[in-house]
Amino acid sequence: LWPWLLASSGLSALVQLVTLPFFPDSPSYLLIQKGNEEACRKAIRKLWGEGDHQGEIDDIMKEKVAMTSKKTLRVLEVIKERSLRWQLYILMIVMTTLQLCGINAIYFYSFEVFHTAKFEEYLIPYVSLGVGLCECLSSILCSTLIDRFGRKVLLWGGYTLMCSVLALLTMTLSLQHQFFWMHYFSVILIFLFVIFYGIGP
């Protein structure tokens with residue numbers, strides 16, 4: 001079953017490969033990068049149907065003017081630019097915390113936790129698949145929550161809940177040899193951690 005499950009991702013790639021030639025190019029790409037206004041109008045008509053789309057073309061032209069008027073900064077120039085410093089700090093902090101949040105450790109050790117929880121050997125891959133599905137579903141849920149609560153709330157809430165879950169997971173893994181039910185609590189915490197990771201960071 002696993003080889004078929006892994007091969008199933010090739011199905012979506014095949015669908016994209018077959019259908020992609022029939023999709024129009026991006027209107028902004030055609031106008032800004034290629035400078036071809038007629039092809040841009042044709043692509044807009046194909047995407048949005050017939051009608052007056054001059055407003056959209058004017059917006060793309062404004063974007064083109066804004067892009068050409070701004071100088072492209074090199075990496076060192078971005079670092080030295082004082083007006084971009086706070087944005088750069090925030091970006092670095094978010095990316096660093098994302099790498100060090102513990103999700104890779106959870107995925108790496110989850111098999112061992114499931115094994116210790118006395119799951120049957122043949123069931124463990126399916127439980128691991130459930131963890132992956134939890135992340136996928138929570139990412140979809142995040143796309144609906146982000147408009148309502150904003151990124152800051154989801155980031156702070158996600159990291160706070162993830163820290164709490166990791167603290168509890170450390171306790172349950174330490175006490176798993178004293179209480180038989182701690183194994184199952186650890187499994188629940190792994191699922192919760194992945195859900196909070198998908199919703200937050």
Any side-chain heavy-atom pair from Arg41 and Lys46 closer than 4.5 angstrom?
no
Counting distance only, does the side-chain N/O of Glu63 pair as donor-acceptor with the main-chain N or O of Ile60 below 3.5 Å?
no
When rounded to the nearest 0.5 angstrom, what distance separates CZ in Arg151 from SG in Cys142?
9.0 Å
Do you reckon Leu137 sits in the same ILVMFWY cluster as Phe191, going by side-chain contacts under 4.5 Å, direct or chained?
no
Thr170 and Leu173, any side-chain heavy atoms less than 4.5 Å apart
no
Same apolar cluster (I L V M F W Y, side chains within < 4.5 Å links), Ile190/Tyr184:
no
Are Thr172 and Leu189 packed together at the side-chain level, in the sense that at least one heavy-atom pair is separated by less than 4.5 angstrom?
yes
How far does CD of Glu81 sit from CZ of Arg74, to the nearest 0.5 angstrom?
14.0 Å
Provide the full list of salt bridge (Lys or Arg N to Asp or Glu O under 4.0 Å) pairs with a residue in residues 85-95, sequence neighbours left out, each pair given once.
none
Would Trp48 and Met61 show up in the same hydrophobic cluster when neighbours are defined by side-chain heavy atoms closer than 4.5 Å?
yes
Test question: given the 4.5 Å side-chain rule for I, L, V, M, F, W and Y, name all other residues clustered with Tyr89, or answer none.
Trp86
Is there a path of hydrophobic side-chain contacts, each under 4.5 Å between heavy atoms of I, L, V, M, F, W or Y residues, that connects Phe149 with Ile146?
yes
Of all residues at least two apart in sequence or in a different chain, which pass the salt bridge (charged side-chain N to carboxylate O under 4.0 Å, His left out) check with Glu112?
none
If you take all heavy atoms of Val113 and Ser186, which pair is closest and at what distance?
CG1-CB, 3.8 Å
To the nearest 0.5 Å, how far apart are CD1 in Ile199 and CG in Leu155?
12.5 Å
To the nearest 0.5 Å, what is the distance between OG on Ser28 and CG on Asp59?
11.5 Å
Nearest heavy-atom neighbours spanning Pro27 and Cys40:
O-SG, 3.5 Å
Leu141 CG to Cys136 SG distance, which is reported to the nearest 0.5 Å:
11.5 Å
Under a 4.5 Å cut-off applied to non-hydrogen side-chain atoms, are His115 and Glu121 in contact?
yes
Taking side chain as C-beta onward, heavy atoms only, is Gln178 less than 4.5 Å from Leu175?
yes
So if you build clusters from Ile, Leu, Val, Met, Phe, Trp, Tyr with side-chain heavy-atom gaps below 4.5 Å, do Leu31 and Tyr29 land together?
no
Check whether any side-chain heavy atom of Phe185 sits under 4.5 Å from a side-chain heavy atom of Gln176, and report yes or no.
no
Once you round to the nearest 0.5 Å, how far does CG of Leu84 lie from CD of Glu77?
11.0 Å
Compare all side-chain heavy atoms of Phe114 with those of Val131 and state whether any distance is below 4.5 angstrom.
yes
Tell me which donor-acceptor pairs under 3.5 Å the side chains of residues 160-169 have, and how far apart each pair is, sequence neighbours excluded?
from, atom 1, to, atom 2, distance (Å)
Thr160, OG1, Trp156, O, 2.6
Ser164, OG, Thr160, O, 2.9

Can you give me every donor-acceptor pair (side chain of residues 11-24, partner residue at least two apart or in another chain, under 3.5 Å) with its distance?
from, atom 1, to, atom 2, distance (Å)
Ser12, OG, Ser9, O, 2.9
Thr19, OG1, Val15, O, 2.8

For Ala39 and Leu30, which heavy atoms make the closest approach, and how far apart are they?
O-CD1, 3.4 Å
Tabulate below the donor-acceptor pairs under 3.5 Å that side-chain atoms of residues 90-109 make, not counting sequence neighbours, or state none.
from, atom 1, to, atom 2, distance (Å)
Thr96, OG1, Met92, O, 2.6
Thr97, OG1, Ile93, O, 2.9
Thr97, OG1, Val94, O, 2.9
Thr97, OG1, Tyr159, OH, 3.0
Tyr107, OH, Glu135, OE1, 2.2

